[in-house]
Number of protein chains: 2
Amino acid sequence: MNTTRSGRPALTRPDGTPLRVLVVDDDPDLAEVLSGALRYEGWRVRSAGDGAAALAEARELMPDAVVLDVMLPDTDGFAVLRSLHTVKPDVCVLFLTARDAVEDRIAGITAGGDDYVTKPFSLEEVVARVRGLLRRAGMARQQEEGPRLTVGDLVMDEEAREVTRAGDLIELSPTEFELLRFLMRNPRRVLSKAQILDRVWSYDFGGRAHVVELYISYLRKKVDAGREPMIHTVRGAGYVLKPVSP
Amino acid sequence: MNTTRSGRPALTRPDGTPLRVLVVDDDPDLAEVLSGALRYEGWRVRSAGDGAAALAEARELMPDAVVLDVMLPDTDGFAVLRSLHTVKPDVCVLFLTARDAVEDRIAGITAGGDDYVTKPFSLEEVVARVRGLLRRAGMARQQEEGPRLTVGDLVMDEEAREVTRAGDLIELSPTEFELLRFLMRNPRRVLSKAQILDRVWSYDFGGRAHVVELYISYLRKKVDAGREPMIHTVRGAGYVLKPVSP
DNA sequence: GCAACCTCTCAGACAGCTCTGAACGGGCGG
DNA sequence: CCGCCCGTTCAGAGCTGTCTGAGAGGTTGC
């Protein structure tokens with residue numbers, strides 16, 4: 001079976017083969033980091049540095065999804081989107097855009113079911129969005145109950161951004177939500193503060209690991225409040241999320 | 001089963017296959033955005049940039065409906081309509097026209113069961129009209145109760161443009177109505193302001209996301225007034241419409 | 001041409017979020 | 001047993017996101 005590097009079963013195409021994703025960004029470092037994060041999901045990933053290369057790769061790879069920087073050296077993202085659709089009409093696109101550029105050309109993009117994130121973003125965010133796009137487009141095999149994440153009696157509905165424990169609703173801030181999502185995607189596995197920082201916080205975040213400790217403590221107050229704890233500290237190593245009983 | 005990208009069951013042909021729609025507009029960006037929005041409904045979409053290409057595509061696709069710009073580089077929309085009818089006599093047509101364009105000629109067209117919207121339009125409007133055309137023409141399989149949208153005790157009759165909550169009639173302005181329709185078509189899902197803006201406001205609207213907040217507040221006053229709230233803010237993410245109890 | 005309504009902009013108030021610094025406490029090695 | 005270090009928690013500053021009211025400009029209908 002096709003699996004992620006983390007051992008979790010991968011989100012695959014309906015026929016069980018790995019999903020294909022193309023990353024297009026002119027910053028090679030960023031493209032590399034993104035590719036790595038997507039590959040970690042068990043997907044087949046290629047990358048390109050400009051619009052022309054993107055088209056060439058797309059013709060060869062026939063990707064299910066494209067992660068596409070709006071600002072490219074040769075063309076703009078919108079033109080690339082059109083060309084991509086002629087190559088593969090049902091391709092999903094996640095745009096990467098600068099915060100202050102949001103207003104200009106993004107209009108209309110999300111209307112087609114595509115999506116975007118603003119730089120600087122967290123990898124967890126990008127991966128989650130791509131996963132959401134693929135699932136909604138019906139390109140990914142529906143796992144169990146679809147967009148529902150479950151660890152013990154803790155349940156997260158990613159689309160509704162709703163979290164419950166033993167049926168009780170838990171309200172979370174955006175950062176708390178992303179941190180918990182990362183933990184829930186990697187249950188029973190110790191995650192180092194560095195890993196968490198790299199994955200949940202923006203790639204250009206200069207802060208220290210102390211923030212992670214702080215947000216873990218916030219999460220504990222809300223998730224474990226008065227109940228049997230699910231979030232555990234592993235001294236010198238990191239944190240684990242585990243279901244209570246076994 | 002054939003489904004929309006949003007996961008909702010798609011409006012299909014009587015035999016269950018996807019509906020086919022042809023988009024004809026000489027502005028490639030607009031054609032792209034329209035195609036995206038229609039594809040998002042789970043339909044099979046092709047597009048063309050002029051009358052000749054439209055005919056060629058139509059012969060191949062045999063569309064159930066055509067979204068047709070009246071002003072084309074080579075011919076005018078009415079001539080195209082005539083040719084289309086020779087290719088597929090029962091095709092439905094939604095005309096796209098400038099506000100100040102000849103209303104009289106359009107008026108004659110709509111008598112034949114076809115419809116039109118004036119530029120600039122919102123995507124929600126176009127999609128709703130196409131849906132209406134197909135339904136009235138009997139080309140689409142009637143789903144559940146047809147043009148009735150229900151979320152909890154909130155009910156919208158799209159054709160009568162009537163909304164009730166717990167039986168009480170709620171009067172809405174056009175924009176309020178479209179916003180609520182979009183929310184009701186995507187219940188329990190967080191919708192970002194950008195998504196809402198792209199979908200409910202005209203494609204050329206240059207304004208900021210602030211309008212969305214404003215109209216959400218109008219809706220709350222009318223829909224949630226004194227009752228258990230159904231419209232919820234998800235800080236940093238967007239808004240959700242949810243039935244009250246579960 | 002007047003009145004009513006609809007739509008959108010602007011600016012201010014407010015609340016919640018994010019992160020810093022600093023103090024506290026408990027495990028673990030010496 | 002002591003001291004160090006890791007982890008936790010608290011308090012607070014600054015920022016951002018969200019809501020509201022007032023009002024201008026435009027359109028529609030009478």
Side-chain angles (χ1 to χ4, degrees), chain A residues 99-100 102-103 107 118-122 124-125 161 163 170-180 190-197 200-226 229 231-240, chain B residues 99-100 103 118-122 124-125 161 163 170-180 182 190-197 200-225 229 231-240:
Chain A
R99 170 162 294 274
D100 47 1
V102 177
E103 312 288 347
T118 57
K119 294 182 180 182
F121 44 75
S122 75
E124 192 58 15
E125 183 71 32
R161 287 201 151 236
V163 177
I170 298 174
E171 307 217 334
L172 299 174
S173 78
T175 308
E176 288 162 1
F177 182 86
E178 272 203 29
L179 173 55
L180 183 59
V190 178
L191 301 166
S192 73
K193 288 173 209 171
Q195 267 179 305
I196 295 174
L197 214 49
V200 176
W201 269 260
S202 317
Y203 57 82
D204 71 342
F205 180 67
R208 343 212 78 265
H210 179 61
V211 215
V212 178
E213 299 164 4
L214 186 61
Y215 271 86
I216 287 284
S217 106
Y218 290 160
L219 269 192
R220 282 210 247 244
K221 274 187 207 151
K222 295 184 176 182
V223 174
D224 286 345
I231 302 172
H232 305 272
T233 304
V234 182
R235 239 183 135 76
Y239 299 94
V240 211
Chain B
R99 172 163 294 274
D100 49 0
E103 301 275 347
T118 56
K119 292 184 181 184
F121 44 76
S122 75
E124 192 59 14
E125 183 71 32
R161 292 211 144 227
V163 177
I170 298 173
E171 307 218 333
L172 299 174
S173 77
T175 308
E176 288 163 0
F177 181 85
E178 274 204 28
L179 173 56
L180 184 58
F182 184 47
V190 176
L191 301 166
S192 73
K193 286 176 211 170
Q195 271 177 305
I196 295 173
L197 213 51
V200 175
W201 269 260
S202 317
Y203 59 85
D204 71 341
F205 179 65
R208 349 205 86 260
H210 186 68
V211 212
V212 179
E213 298 166 15
L214 187 62
Y215 270 85
I216 287 284
S217 104
Y218 291 159
L219 269 192
R220 282 209 247 243
K221 278 183 200 152
K222 295 185 175 180
V223 174
D224 286 346
I231 301 171
H232 306 270
T233 304
V234 182
R235 207 151 218 278
Y239 300 94
V240 211

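Each chain gets a letter, A, B and so on, in the order its sequence line appears, and its residues count up from 1.
Per the geometry, CD belonging to B/Glu171 stands 17 Å off P belonging to C/dA4, to the nearest Å. What separates CD1 of B/Ile231 from P of D/dT18 is a distance of 15 Å, to the nearest Å. We find that CZ of A/Phe205 is positioned 7 Å from C1' of C/dC19, with the value rounded to whole Å. Note: CG (A/Leu219) to P (D/dG7) measures 17 Å, nearest angstrom. For the pair B/Glu176 CD and C/dC5 C1', the computed distance is 11 Å after rounding to whole Å. Atoms CG (B/Leu197) and P (C/dC8) sit 9 Å apart, rounded to a whole Å. Nucleotide C/dC19 holds its P atom 11 Å from the CG atom of A/Leu179, rounded to whole Å. Rounded to whole Å, atom P of C/dG21 lies 10 Å from atom CZ of A/Arg208.
Shortest non-hydrogen contact noted between A/Leu180 and A/Val223 is CD2-CG2, 4.2 Å. Taking both residues in full, the closest heavy atoms of A/Ser122 and A/Val200 are given as CB-O, 3.1 Å, listed atom of the first, atom of the second, then distance. Closest heavy-atom contact between B/Ile231 and B/Asp224: N-OD2, 3.2 Å.
Between B/Trp201 and the phosphate of C/dT7, there is no side-chain N or O to OP1/OP2 separation shorter than 4.0 Å. When the side-chain nitrogen and oxygen atoms of A/Lys221 are compared with OP1 and OP2 of D/dC10, one or more of them lie within a distance under 4.0 Å. Remark: B/Ser173 is in phosphate contact with C/dT7, judged by side-chain N or O atoms under 4.0 Å from OP1 or OP2. Here A/Tyr215 does not reach the OP1 or OP2 of D/dT9: none of its side-chain N or O atoms lies under 4.0 Å away. When the side-chain nitrogen and oxygen atoms of A/Thr175 are compared with OP1 and OP2 of C/dT18, one or more of them lie within a distance under 4.0 Å. The phosphate of D/dC6 (OP1 or OP2) has no side-chain N or O of A/Lys193 nearer than 4.0 angstrom. Distances shown here put every side-chain N or O of A/Thr233 at or beyond 4.0 Å from the OP1 or OP2 atom of D/dC6.
Without hydrogens or angle criteria, A/Gln195 side chain to A/Ser192 main chain gives a donor-acceptor distance under 3.5 Å.
Checking B/Gly236 against A/Arg235, the closest nucleotide of DNA chain D that is more toward the 5' end is the one next to A/Arg235. Toward the 5′ end of DNA chain C lies the nearest nucleotide of B/Val211, the other residue of the pair B/Val211 and A/Leu172 mapping further downstream.
Using a 4.0 Å heavy-atom cutoff across all strands shown, A/Arg220 reaches sugar-phosphate atoms only and no base atom. Using a 4.0 Å heavy-atom criterion, one finds that B/Leu214 contacts the bases of the nucleic acid, with or without backbone contacts as well.
The base of C/dC19 lies close enough to the side chain of A/Tyr218 for a donor and an acceptor atom to sit less than 3.5 Å apart. Counting distance only, with no hydrogens placed and no angle test, the side-chain atoms of B/His210 and the base atoms of C/dC10 include a donor-acceptor pair under 3.5 Å.
With B/Glu176 as the partner, the salt bridge (charged side-chain N to carboxylate O under 4.0 Å, His left out) test is satisfied by one option alone out of B/Arg220, B/Arg161, B/Lys222: B/Lys222.
The aromatic rings of B/Phe205 and B/Trp201 sit tilted relative to each other, their planes meeting at an angle between 30° and 60°.
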